[in-house]
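What follows is a short report on a single structure.
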Amino acid sequence: MKMAEPMRRYSVGYALAPKKQASFIQVSLVNLAKERGIDLIKIDTDKPLIDQGPFDCVLHKMDGDDWKRQLKEYGSEFPQALIIDSPEAIERLHNRISMLQAVGEVEIDCENASFGIPKQTVIYDAKMVSAINLESEGLEFPVIAKPLVADGSAKSHKMLLVFNKDGLRKLKPPIVLQEFVNHGAVIFKVYVVGDYVKCVKRKSLPDVKEDGLGRLESYLPFSQVSNLNNFEKNDDKYYKLMNLENAEFPPLSFLTDIARGLRRVTKLHLFNFDVIRDDRVGNRYLIIDINYFPGYAKMPNYECVLTDFFWDVLNQNDKSLGSLKNGHCEKEDRVLVGNSGCGEDEGTLPVSPLKIEENENPIQV
């Protein structure tokens, strides 16, 4: 009787910052991957990458010129190894202007909904902060002020909801001023893992009433939308707005088409994007942030989703990762990502080249 051939085993080397490694590399993920013939192996970043492995796939959330050089060297020595994802593609998300310009490049056919990005402008010079005329930039108070650099550092998390001119004096360029849009205090986080798309909803900043702007402080600091101030919490309507159960999800097919377009434009395979529903136009959605390699451990059933993704790319062994096979988890949320496209050209802003330092934790806006 012919003996069954042993299962082909694959090795996935991962290079992650300690905090990301602690949250993502759970025992449950390691064990499930091992059952599917996939060994997750820690890359020692204190040693040359070329001396480790060889790996069938390198999974990373690292940056810096030396790391990029090591990845390039490794790819030349082991051309069949998959690098997820390209450092050059990831860098686009480190700048909040180039990040959202990607949305303007997405084209999909939409009949019952539309999408875009909030109006925004960028200030590079501290002298321009007090001199800026919001109306000339197509903006009005309140606005959200975000650091231009989205590298996951503590500094990049520090944001302000600015209600008047006095609040602008607190800003330290380079800074992005983004239109604040009332959105029912709910944010939709759309996770993308290759061809898999999953949407979850989270609490967000409460709506701001125009007639109440004069009673508010000049600004509200926050690092995440869950860090809410008391300026609206005394209003009974606030609590109703925060009822997530009553918030209707955007159509999954619509979100999947957007994810499809963003994958094509950014050439990334592990990311999420944050979406709000514009209360001024009920079927209009705004993408306010895109994050590389987000906190997937917060996503339901993440172990199965990521294991399926590894299995797909390793068995297809397509260096471009252009198309992925279907996996086994949550088939109703899984759609092949290809090229189609709705969206509007929201205009472009100049992008300043920035040196990106250590990258960890997705920005939660």
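We number each residue from 1, following the sequence as shown.
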Separation between [atom1] of [X] and [atom2] of [Y], rounded to the nearest 0.5 Å:
X	Y	atom1	atom2	answer
Lys198	Asn272	NZ	CG	14.0 Å
Asp109	Asp257	CG	CG	8.0 Å
Glu137	Ile123	CD	CD1	8.0 Å
Asp85	Leu71	CG	CG	11.0 Å
Ser114	Leu286	OG	CG	8.5 Å
Tyr14	Leu59	OH	CG	10.0 Å

What closest approach, in Å, do [X] and [Y] show between heavy atoms, and which atom pair accounts for it?
X	Y	result
Leu16	His60	CD2-C, 4.1 Å
Asp289	Leu100	N-CD2, 4.0 Å
Ala145	Ile175	CB-CG1, 4.1 Å
Met62	Ala17	SD-N, 4.0 Å
Val103	Gly116	CG1-O, 4.1 Å
Tyr296	Val193	CE2-CG2, 3.4 Å

Same cluster for Val305 and Leu32 if Ile/Leu/Val/Met/Phe/Trp/Tyr side chains link at under 4.5 Å?
no
Between Val181 and Val281, is there shared hydrophobic-cluster membership here, with clusters defined by ILVMFWY side-chain heavy atoms closer than 4.5 Å?
no
Under the side-chain contact (heavy atoms from CB on, under 4.5 Å) criterion, do Leu262 and Phe273 qualify, and how do the steps go?
CA-CA 9 Å; Leu262 286 174; Phe273 56 98; 3.7 Å; yes
Side-chain ([X]) to main-chain ([Y]) donor-acceptor, under 3.5 angstrom:
X	Y	answer
Lys20	Pro294	yes
Arg36	Phe310	no
Asp308	Trp311	no
Arg96	Pro147	yes
Gln80	Asp56	no
Asn283	Asn112	yes
Arg277	Glu248	yes
Arg202	Lys189	no

Are any non-hydrogen side-chain atoms of [X] and [Y] less than 4.5 angstrom apart?
X	Y	answer
Ser204	Val186	no
Pro173	Tyr124	no
Phe180	Leu161	yes
Asp51	Pro48	yes
Leu168	Ile132	yes
Leu49	Glu73	no
Ile90	Asp63	no
Ile84	Phe309	yes

Evaluate the criterion side-chain hydrogen bond (donor to acceptor under 3.5 Å, both in side chains) for residue pair Ser86 and Glu88; output intermediate values, then yes/no.
CA-CA 5 Å; Ser86 160; Glu88 291 73 23; 3.1 Å; yes
Would you sort out whether Asp39 and Arg9 count as a salt bridge (charged side-chain N to carboxylate O under 4.0 Å, His left out), showing the intermediate values?
CA-CA 7 Å; Asp39 297 316; Arg9 301 204 67 82; 2.8 Å; yes
Working note: His94 + Val149, criterion side-chain contact (heavy atoms from CB on, under 4.5 Å); need CA distance, chi angles, decisive distance, verdict.
CA-CA 6 Å; His94 288 167; Val149 179; 5.5 Å; no
Salt bridge or not for Asp125 and Lys127, using N-O below 4.0 Å?
no
Should the heavy atoms of other residues, nucleotides or ligands under 6.0 Å from [atom1] of [X] be counted, would the total exceed 12?
X	atom1	answer
Lys201	NZ	yes
Lys165	NZ	yes
Glu140	CD	no
Glu111	CD	no

Would you call the rings of Phe293 and Phe24 parallel, tilted or perpendicular if under 30° counts as parallel and over 60° as perpendicular?
perpendicular
Look at the aromatic rings of Phe78 and Tyr74 and report parallel, tilted or perpendicular, splitting at 30° and 60°.
tilted
Test salt bridge (charged side-chain N to carboxylate O under 4.0 Å, His left out) on Arg92 and Glu105; report intermediate values, then the result.
CA-CA 13 Å; Arg92 180 172 190 172; Glu105 300 171 29; 2.6 Å; yes
Under the side-chain hydrogen bond (donor to acceptor under 3.5 Å, both in side chains) test, residues paired with Lys68 that sit two or more places apart
Glu91
Taking it one step at a time, do Val176 and Thr121 satisfy side-chain contact (heavy atoms from CB on, under 4.5 Å)?
CA-CA 6 Å; Val176 173; Thr121 189; over 6 Å; no
Residues Asp66, Gln70; criterion side-chain hydrogen bond (donor to acceptor under 3.5 Å, both in side chains); working and verdict
CA-CA 6 Å; Asp66 181 64; Gln70 290 195 59; 2.9 Å; yes
Could you walk me through whether Lys146 and Gln178 satisfy the side-chain hydrogen bond (donor to acceptor under 3.5 Å, both in side chains) test, starting with their C-alpha distance in whole Å, then the side-chain angles of each, then the deciding distance to 0.1 Å, before giving a yes or no?
CA-CA 8 Å; Lys146 306 178 179 182; Gln178 189 178 87; 3.0 Å; yes
Can Val275 and Ile288 be said to form a side-chain contact (heavy atoms from CB on, under 4.5 Å), step by step?
CA-CA 6 Å; Val275 180; Ile288 61 173; over 6 Å; no
In this structure, which one of Phe249, Phe254, Phe115 forms a ring-ring contact (aromatic ring centres under 6.0 Å, His included) with Tyr285?
Phe254
Going through the checks in order, is the side-chain hydrogen bond (donor to acceptor under 3.5 Å, both in side chains) test met by Asp279 and His183?
CA-CA 5 Å; Asp279 270 7; His183 52 284; over 6 Å; no
